[in-house]
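Quick notes on the structure that follows.
Note: hydrogens, waters and symmetry copies are ignored here, and every other heavy atom, side chains too, is used.
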Amino acid sequence: MQTTSGTGPIDLGIVEDLGGISVIRGGGNRRAWNGIQYLQGMSAKNVGSTALSINVATVPPGAVAYAHIHDGFEVMLFILQGRVKHTFGENLEKEVINQAGDFIYIKPGVPHEVFNIGEEELVVFVARSTADEWDKIINYPSRYRPAEGDQ
């Protein structure tokens with residue numbers, strides 16, 4: 001088993017390597033990072049990709065994915081279910097609200113914080129232009145993030 005720091009194990013046994021196409025049926029086991037639940041997804045760690053990774057993220061109602069920056073990679077999101085608010089930019093002063101059916105693009109280096117503002121789980125398809133999953137994410141100051149030791 002492989003892991004990404006703080007997210008739990010990656011089950012290599014569920015990946016079907018068909019010689020040019022790899023398959024994970026049913027999305028794989030759930031893992032967590034920064035208040036978000038993820039299906040196992042695909043990355044360099046389980047399918048050997050070199051330039052991208054994908055996942056499905058689930059955020060409970062009222063939950064916050066604390067402020068962070070994607071260091072050197074792009075992210076595209078498709079909202080499958082729910083409503084989300086992103087605060088973003090310097091000091092998180094800008095805001096945008098999206099809902100099911102919306103696409104979102106986040107440029108590398110843009111600070112942002114994610115809030116599920118709906119009454120149901122937020123479910124999002126996530127595509128990254130890196131095969132490293134969360135290895136290139138940097139925390140950004142957030143008034144919502146618990147202090148070290150309070151988590």
Side-chain angles (χ1 to χ4, degrees), residues 1-88 96 98-118 120-142 144-146 148-151:
M1 294 242 177
Q2 291 199 29
T3 64
T4 295
S5 179
T7 67
I10 298 170
D11 185 355
L12 300 177
I14 65 169
V15 177
E16 295 177 41
D17 183 350
L18 306 174
I21 291 180
S22 294
V23 175
I24 296 176
R25 298 187 190 272
N29 301 326
R30 285 190 175 254
R31 300 166 39 203
W33 174 82
N34 197 21
I36 305 172
Q37 294 290 316
Y38 288 89
L39 293 177
Q40 180 166 299
M42 293 183 158
S43 70
K45 292 179 179 169
N46 62 358
V47 297
S49 62
T50 59
L52 57 103
S53 59
I54 64 166
N55 218 302
V56 175
T58 303
V59 183
V64 178
Y66 306 118
H68 58 279
I69 295 170
H70 304 149
D71 184 19
F73 66 95
E74 300 170 297
V75 172
M76 289 186 178
L77 310 170
F78 179 71
I79 310 302
L80 296 164
Q81 173 183 297
R83 288 176 41 89
V84 62
K85 175 176 79 172
H86 280 86
T87 56
F88 65 99
V96 64
N98 295 97
Q99 61 188 7
D102 291 351
F103 285 95
I104 301 168
Y105 168 69
I106 303 172
K107 292 181 179 181
V110 173
H112 59 284
E113 194 157 47
V114 182
F115 301 83
N116 179 348
I117 60 170
E120 61 186 340
E121 282 189 327
L122 174 67
V123 181
V124 181
F125 177 83
V126 182
R128 300 176 193 87
S129 67
T130 182
D132 296 325
E133 296 186 311
W134 301 284
D135 299 340
K136 295 180 180 174
I137 295 179
I138 301 168
N139 286 344
Y140 188 84
S142 166
Y144 302 100
R145 180 180 283 114
E148 289 291 323
D150 291 346
Q151 298 180 19

How long is the span from the [atom1] atom in [X] to the [atom2] atom in [Y], to the nearest 0.5 Å?
X    : Y    : atom1 : atom2 : value
T58  : L122 : OG1   : CG    : 8.0 Å
E113 : R145 : CD    : CZ    : 7.0 Å
T50  : D132 : OG1   : CG    : 10.5 Å
R128 : I106 : CZ    : CD1   : 10.0 Å

Using the test side-chain contact (heavy atoms from CB on, under 4.5 Å), find all partners of [X] that sit at least two apart in sequence or belong to another chain.
X    : result
V96  : H86, F88, N98
K85  : T87, E95, I97, F115, I117
D71  : K136, I138
P141 : none

For [X], what residues pass the side-chain hydrogen bond (donor to acceptor under 3.5 Å, both in side chains) criterion, not counting sequence neighbours?
X   : answer
E74 : Y105
S22 : none
E16 : R25

Query - Backbone N/O of E121 and side chain of N116: donor-acceptor pair under 3.5 Å - result: no
Query raised in the report: Do S49 side-chain atoms and A44 backbone N/O form a donor-acceptor pair below 3.5 Å?
Result: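 Yes, S49 side chain to A44 backbone: donor-acceptor pair under 3.5 Å.
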Query raised in the report: Got a sec: does the CG of L18 have more than 12 other heavy atoms crowding it under 6.0 Å?
Result: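 Yes.
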Report yes if the side chains of [X] and [Y] come closer than 4.5 Å at any heavy-atom pair, otherwise no.
X    : Y   : value
I24  : N46 : yes
M42  : V15 : no
V124 : V84 : no

Just jot down the ring pair (Phe, Tyr, Trp, His ring centres under 6.0 Å) partners of [X], sequence neighbours excluded, or say none.
X    : answer
F103 : F78
F125 : none
F73  : H70

**Report entry** Heavy-atom closest contact (A131 atom, S43 atom, distance)
**Finding:**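 Where A131 meets S43 most closely, the heavy atoms are O-CB, 3.4 Å.
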Report summary line: Residues passing the salt bridge (charged side-chain N to carboxylate O under 4.0 Å, His left out) test with E120, sequence neighbours excluded, are none
